[in-house]
A.B. asks: 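Below you'll find the structure I mean.
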Amino acid sequence: MGKVHLTGAGPGDIELLTIKALRVIKEADVIIYDRLANPDILQEAKNGCEFVYVGKEDGRHIVPQDDINEVIYQNALKHENVVRLKGGDPFVFGRGGEEALYLRDRGISFDVIPGITSAISAPAYAGIPVTHRGVSVSFRVVTGHESPNKKESQIPWETFKTDDTIVFLMGLHNLPKISKKLMEIGKPKNYPCAVISKGTTKEQSVVVGTLEDIVAKTKDVPTPALIVVGRVVELREQLQWFEGNE
Ligand code: SAH
């Protein structure tokens, strides 16, 4: 029986891979990877390494999670070094925890190699620090997949009244509802927010707006994209460094 490395691929820029992730990728017999993991990373694998694509679309899973769990397990029965490569960090909305539990229940050993999550790195490449002295003392990373209109929502919308930064992942299709909900709980219409698409890659694009106009401004934004809500967005005006310089 082999060992599974639940490995974070980072957000897109291949150089944001950790040294540890690169080592297990070079040693891998099989790499099971997602749509969000930059496929250029696979070039680092040794000759004869097998590649298994289990890509998922935002919110719409092409390969059901149960099947992915089983694919990882079956590969661990066949191979010594299995890399499960996931975009960003495996435990930040990556369902890495579920995969780890599935393996644990079947006696397969695993480790977790954290990755740089898009939740902080895409804002960083957009010139938006997720915390900033005097502006935001914390940041939250929230699923945007759940509709804000859902009854018995697990998301504590009422607590989003403060100026702490909120990063919504998987939220582009719900942006009209999210921005409306934030205004309903009392955030001003002109409250700053940004949508960052394909963060940290050469195709990165950033749209800055307000809760009131962000939807109209982001009609054709390609995915993956995340939403940053907070006064920290205003710092981009001075801190933008990446686009045009890459
Ligand atoms: N584990 C990943 C997140 C998986 S959820 C991580 O830590 O980054 C998938 C969501 O992440 C997407 O819907 C999008 O909101 C966000 N995302 C991932 N990569 C991104 C990128 N390069 N730029 C912007 N958003 C990204």
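One-based numbering, in listed order, for ligands and for the atoms of each.
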A.B. asks: Once you round to the nearest 0.5 Å, how far does CG of Asn174 lie from NZ of Lys150?
C.D. replies: 11.5 Å
A.B. asks: Let me check something: do Leu101 and Val92 share a hydrophobic cluster, defined by ILVMFWY side-chain heavy atoms less than 4.5 Å apart, either directly or through other members?
C.D. replies: no
A.B. asks: Any nitrogen or oxygen of Leu36, main chain or side chain, under 3.5 Å from a nitrogen or oxygen of ligand 1?
C.D. replies: no
A.B. asks: Using a 4.5 Å cut-off on heavy atoms from C-beta on, say whether the side chain of Arg23 contacts that of Ile113.
C.D. replies: no
A.B. asks: If you measure every N/O of Phe168 against every N/O of ligand 1, is any gap under 3.5 Å?
C.D. replies: no
A.B. asks: Salt bridge or not between Glu27 and Lys3? Use side-chain N to carboxylate O under 4.0 Å.
C.D. replies: no
A.B. asks: Could you tell me whether Lys189 and Asp213 have a side-chain N and a carboxylate O separated by less than 4.0 Å?
C.D. replies: no
A.B. asks: Just to be sure I read this right, does ligand 1 sit under 4.0 Å from the backbone of Pro90, its side chain, both, or neither, counting only heavy atoms?
C.D. replies: neither
A.B. asks: Can you tell if the side chain of Met183 reaches within under 4.5 Å of the side chain of Tyr191, non-hydrogen atoms only?
C.D. replies: no
A.B. asks: If the contact criterion is a heavy-atom separation under 4.0 Å, does Thr200 count as touching ligand 1?
C.D. replies: no
A.B. asks: Applying ring-ring contact (aromatic ring centres under 6.0 Å, His included) as the test, list every pair that has at least one member in residues 78-100; sequence neighbours left out.
C.D. replies: none
A.B. asks: State the atoms of ligand 1, each with its element, that fall below the 4.0 Å cut-off from a heavy-atom position in Ile196.
C.D. replies: 24 (C)
A.B. asks: What are the atoms of ligand 1, with element, lying closer than 4.0 Å to any heavy atom of Thr117?
C.D. replies: 6 (C), 7 (O), 8 (O)
A.B. asks: Checking the side chain of Asn38 only, and the main-chain atoms of Asp40 only, is there a donor and an acceptor separated by less than 3.5 Å?
C.D. replies: yes
A.B. asks: Scan for side-chain hydrogen bond (donor to acceptor under 3.5 Å, both in side chains) pairs involving residues 122-143, sequence neighbours excluded, and state none if there are none.
C.D. replies: Asp13-Tyr125, Ser136-Thr165, Ser138-Asp164, Arg140-Thr159
A.B. asks: Would you say Gly171 has any N or O atom under 3.5 Å from an N or O of ligand 1, going by distance alone?
C.D. replies: no
A.B. asks: Non-hydrogen atoms of Gly87 versus ligand 1: any pair closer than 4.0 Å?
C.D. replies: yes
A.B. asks: For Lys86 and ligand 1, answer yes if some heavy atom of the residue is under 4.0 Å from a ligand atom, otherwise no.
C.D. replies: no
A.B. asks: Say whether, by atom type as modelled, one donor and one acceptor occur between the side chain of Lys217 and the main chain of Val195 under 3.5 angstrom.
C.D. replies: no
A.B. asks: For ligand 1, find out whether one of its N or O atoms is nearer than 3.5 Å to an N or O atom of Ala122.
C.D. replies: no
A.B. asks: If you count the atoms of ligand 1 from 1 in the order shown, which ones are under 4.0 Å from a heavy atom of Ala225?
C.D. replies: 14 (C), 15 (O), 24 (C), 25 (N)
A.B. asks: For Ser118, take its heavy atoms, then give the atoms of ligand 1 lying under 4.0 Å from any of them.
C.D. replies: 6 (C), 7 (O), 8 (O), 11 (O), 16 (C), 17 (N), 18 (C), 19 (N), 20 (C), 26 (C)
A.B. asks: Side chain or backbone, does Gly94 bring an N or O within less than 3.5 Å of an N or O on ligand 1?
C.D. replies: no
A.B. asks: Give the atoms of ligand 1, by number and element, whose distance to some non-hydrogen atom of Lys198 is under 4.0 Å.
C.D. replies: 22 (N), 23 (N)
A.B. asks: Can you confirm, on distance only, whether ligand 1 has an N/O atom lying under 3.5 Å from any N/O atom belonging to Asp89?
C.D. replies: yes
A.B. asks: Would Gly199 count as being in polar contact with ligand 1, using the rule that some N or O on each side must be under 3.5 angstrom apart?
C.D. replies: yes
